[in-house]
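These numbers come from the heavy atoms of this one structure, side chains and all, not from hydrogens, waters or symmetry mates.
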Amino acid sequence: DLEVGDTVLDLVGPLGKLVKAARAIGQGERGDIEIDVHTNDEVGQLAHAFREMATAIRDREARIEARNRDIRLVLDNVGQGFITLDSDGTLLSERSRVVDEWFGAPQGPMKFWDYLEGRVEGKVAWWFGCGWAMIQEDQLPLALCLDQLPKVAHRNGRVFEFAYRPILKDDKVQKLIVVIDDITARVEREKAEQAQRETMSIFRRMLADRCSLDDFFVEVGEMVREVVEHPGQDSTLVKRQLHTIKGNASLFGIESVAELCHRLEDRLGDPSNQQGLTSEDRE
């Protein structure tokens with residue numbers, strides 16, 4: 001009986017140490033895990049294999065941590081914003097630091113459209129939520145659904161461009177990478193180039209047919225006053241005036257006015273718009 005008892009104790013002690021070490025590894029403890037079992041029997045062999053496994057796990061975690069640091073270093077030093085979404089549109093932790101600088105850090109797990117709400121102007125957040133619902137319904141081609149997602153957002157006078165890179169599994173979107181670029185400088189440059197083109201167009205018209213140019217300013221100027229000075233008039237009449245202004249401005253190469261009128265026409269054609277033109281629109 002004493003010999004049997006000693007054998008049980010010889011087994012229970014080393015096995016208890018192995019169990020304790022296994023629990024430590026399972027709980028993610030770092031550092032060296034001591035497995036003080038050095039017998040020559042099967043338990044000793046098991047302990048030796050366990051030590052080798054613990055060392056391999058520790059080395060692998062060290063390599064993974066080094067790789068993650070390298071990736072984080074890259075993400076923190078690129079000029080583009082990168083955001084990763086999971087299959088239901090929730091923000092994942094992987095994102096570049098510039099995203100937080102541009103839009104602020106998210107407050108815990110949240111949907112991307114909730115993150116955009118209040119951080120960008122207009123209905124970008126609402127439109128992204130609708131587009132994401134189309135992706136999840138999986139009734140339309142993915143390329144078409146991605147093309148329906150918003151491409152541009154404005155915040156504090158800056159302009160941001162969105163691009164989308166899906167990560168697929170079995171033809172289903174498992175994750176989505178949102179790539180964000182600050183295109184403010186490009187937009188300002190395009191506006192300057194547009195203003196230069198418009199100026200040259202006016203000069204050419206002035207040299208070629210000054211009377212027609214004068215008539216254009218008189219006619220369009222009167223329509224602009226009608227739109228601006230009578231805010232309570234019928235929206236159908238306003239749309240007709242805007243459409244005429246747009247056409248005349250296009251003929252004379254004044255692209256900025258034509259584009260503005262086109263945006264205002266779309267605004268008035270939106271059934272959800274009950275206020276008509278705003279004071280900023282009239283200005």
Asker: Aromatic rings Phe162 and Phe112: how do their planes relate, parallel, tilted or perpendicular, breaks at 30° and 60°?
Answerer: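 Answer is tilted, since the angle falls between 30° and 60°.
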Asker: Report yes if some heavy atom in the side chain of Asp181 is under 4.5 Å from a heavy atom in the side chain of Arg186; otherwise report no.
Answerer: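 Side-chain contact under 4.5 Å: no.
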Asker: In sequence, state the C-alpha distance, the side-chain angles, and the governing distance for Tyr164 and Val179, and then conclude on side-chain contact (heavy atoms from CB on, under 4.5 Å).
Answerer: CA-CA 6 Å; Tyr164 306 97; Val179 184; over 6 Å; no
Asker: Less than 4.5 Å apart, side chain to side chain, heavy atoms only: is that true for Arg155 and Trp102?
Answerer: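 No; the side chains remain at least 4.5 Å from each other.
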Asker: Roughly how far, to the nearest 0.5 Å, is the CD atom of Glu161 from the CG atom of Asp182?
Answerer: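 One finds 10.5 Å between CG of Asp182 and CD of Glu161.
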Asker: Which heavy atom of Val152 sits nearest to which heavy atom of Val124, and what is that distance?
Answerer: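 Closest approach of Val152 to Val124, heavy atoms only: O-CG2, 3.8 Å.
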Asker: I need the minimum non-hydrogen distance between Leu85 and Val178, along with the two atoms involved.
Answerer: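 Here Leu85 and Val178 meet closest at CD1-CG2, 4.0 Å.
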Asker: Any pair with a residue in residues 251-274 that passes ring-ring contact (aromatic ring centres under 6.0 Å, His included), sequence neighbours left out, goes on the list, sorted by first then second residue, please.
Answerer: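 ring-ring contact (aromatic ring centres under 6.0 Å, His included) check on residues 251-274 returns Phe216-Phe252.
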Asker: List the steps, then state whether side-chain hydrogen bond (donor to acceptor under 3.5 Å, both in side chains) holds for Thr278 with Asp281.
Answerer: CA-CA 5 Å; Thr278 66; Asp281 294 333; 3.1 Å; yes
Asker: Any carboxylate oxygen within less than 4.0 angstrom of a Lys/Arg side-chain nitrogen, looking at Arg210 and Asp214?
Answerer: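 Yes, charged N to carboxylate O under 4.0 Å.
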Asker: Per the side-chain hydrogen bond (donor to acceptor under 3.5 Å, both in side chains) rule, what does the pair list look like for residues 120-131, sequence neighbours excluded?
Answerer: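 side-chain hydrogen bond (donor to acceptor under 3.5 Å, both in side chains) check on residues 120-131 returns Lys123-Ser272.
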Asker: Which is it for Leu260 and Leu242 under the side-chain contact (heavy atoms from CB on, under 4.5 Å) test, yes or no, and what are the steps along the way?
Answerer: CA-CA 9 Å; Leu260 172 62; Leu242 288 173; over 6 Å; no
Asker: For Lys175, I'd like to know if atom NZ has over 12 heavy atoms of other residues, nucleotides or ligands within 6.0 Å.
Answerer: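 No.
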Asker: For atom CD of Gln196, is the number of surrounding heavy atoms from other residues, nucleotides or ligands below 6.0 Å larger than 12?
Answerer: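 No, CD of Gln196 has 12 or fewer neighbouring heavy atoms, counting only those of other groups under 6.0 Å.
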Asker: Search all heavy atoms of Ile254 against all heavy atoms of Glu198 and return the closest pair with its distance.
Answerer: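 Closest approach of Ile254 to Glu198, heavy atoms only: C-OE2, 3.5 Å.
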Asker: Quick one: closest heavy-atom pair of Ala125 and Glu117, and the distance?
Answerer: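 Looks like CB-OE1, 3.4 Å.
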Asker: What do you reckon, is CG of Asp266 surrounded by more than 12 foreign heavy atoms closer than 6.0 Å?
Answerer: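 Counting neighbours around CG of Asp266, more than 12 heavy atoms of other residues, nucleotides or ligands fall under 6.0 Å, so yes.
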Asker: When rounded to the nearest 0.5 angstrom, what distance separates CH2 in Trp113 from CG in Leu149?
Answerer: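 Output value for this atom pair is 10.5 Å.
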Asker: Leu176 pairs by side chain to side chain contact (heavy atoms under 4.5 Å, CB included) with which of Asp86, Leu146, Ile167?
Answerer: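 For Leu176, the side chain to side chain contact (heavy atoms under 4.5 Å, CB included) check succeeds only for Leu146.
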Asker: Side-chain polar contacts of residues 129-141 - donor-acceptor pairs under 3.5 angstrom, sequence neighbours left out - could you list them?
Answerer:
from, atom 1, to, atom 2, distance (Å)
Gln136, NE2, Ser87, O, 3.2
Asp138, OD2, Lys172, NZ, 2.3
Gln139, NE2, Glu137, O, 3.2

Asker: Give me the ring orientation class for Phe103 and Tyr115: parallel if the planes are under 30° apart, tilted from 30 to 60°, perpendicular past 60°.
Answerer: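 Perpendicular, since the angle between the ring planes exceeds 60°.
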Asker: Take atom CD in Gln107; do more than 12 heavy atoms of anything else shown fall under 6.0 Å from it?
Answerer: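 No, not enclosed.
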Asker: More than 12 heavy atoms of other residues, nucleotides or ligands under 6.0 Å from CD of Glu101: yes or no?
Answerer: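 Yes.
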Asker: For the residue pair Ser96 and Gly81, what are the closest heavy atoms and their distance?
Answerer: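 Taking Ser96 first and Gly81 second, the nearest heavy atoms are OG-CA, 3.2 Å.
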Asker: Counting heavy atoms not belonging to Gln241, are there more than 12 under 6.0 Å from its CD?
Answerer: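 More than 12 heavy atoms, drawn from other residues, nucleotides or ligands, come within 6.0 Å of this atom.
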Asker: Are Gln148 and Leu144 packed together at the side-chain level, in the sense that at least one heavy-atom pair is separated by less than 4.5 angstrom?
Answerer: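 Touching, per the 4.5 Å side-chain cut-off.
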Asker: Where do Ile180 and Val98 land on the side-chain contact (heavy atoms from CB on, under 4.5 Å) test, with the steps shown first?
Answerer: CA-CA 10 Å; Ile180 308 175; Val98 74; over 6 Å; no
Asker: Would you say NZ of Lys191 has more than 12 non-hydrogen atoms from neighbouring residues, nucleotides or ligands within 6.0 angstrom?
Answerer: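 Atom NZ in Lys191 is not packed in, count stays at 12 or less.
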Asker: Taking all non-hydrogen atoms of both residues, which atom of Asp100 and which atom of Ala105 are closest, and how far apart?
Answerer: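 Minimum heavy-atom contact is OD1-CA, 3.7 Å.
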Asker: Cluster question for you: counting only ILVMFWY and a side-chain heavy-atom cut-off of under 4.5 Å, with indirect links fine, are Phe203 and Val257 together?
Answerer: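 No, no single cluster joins them.
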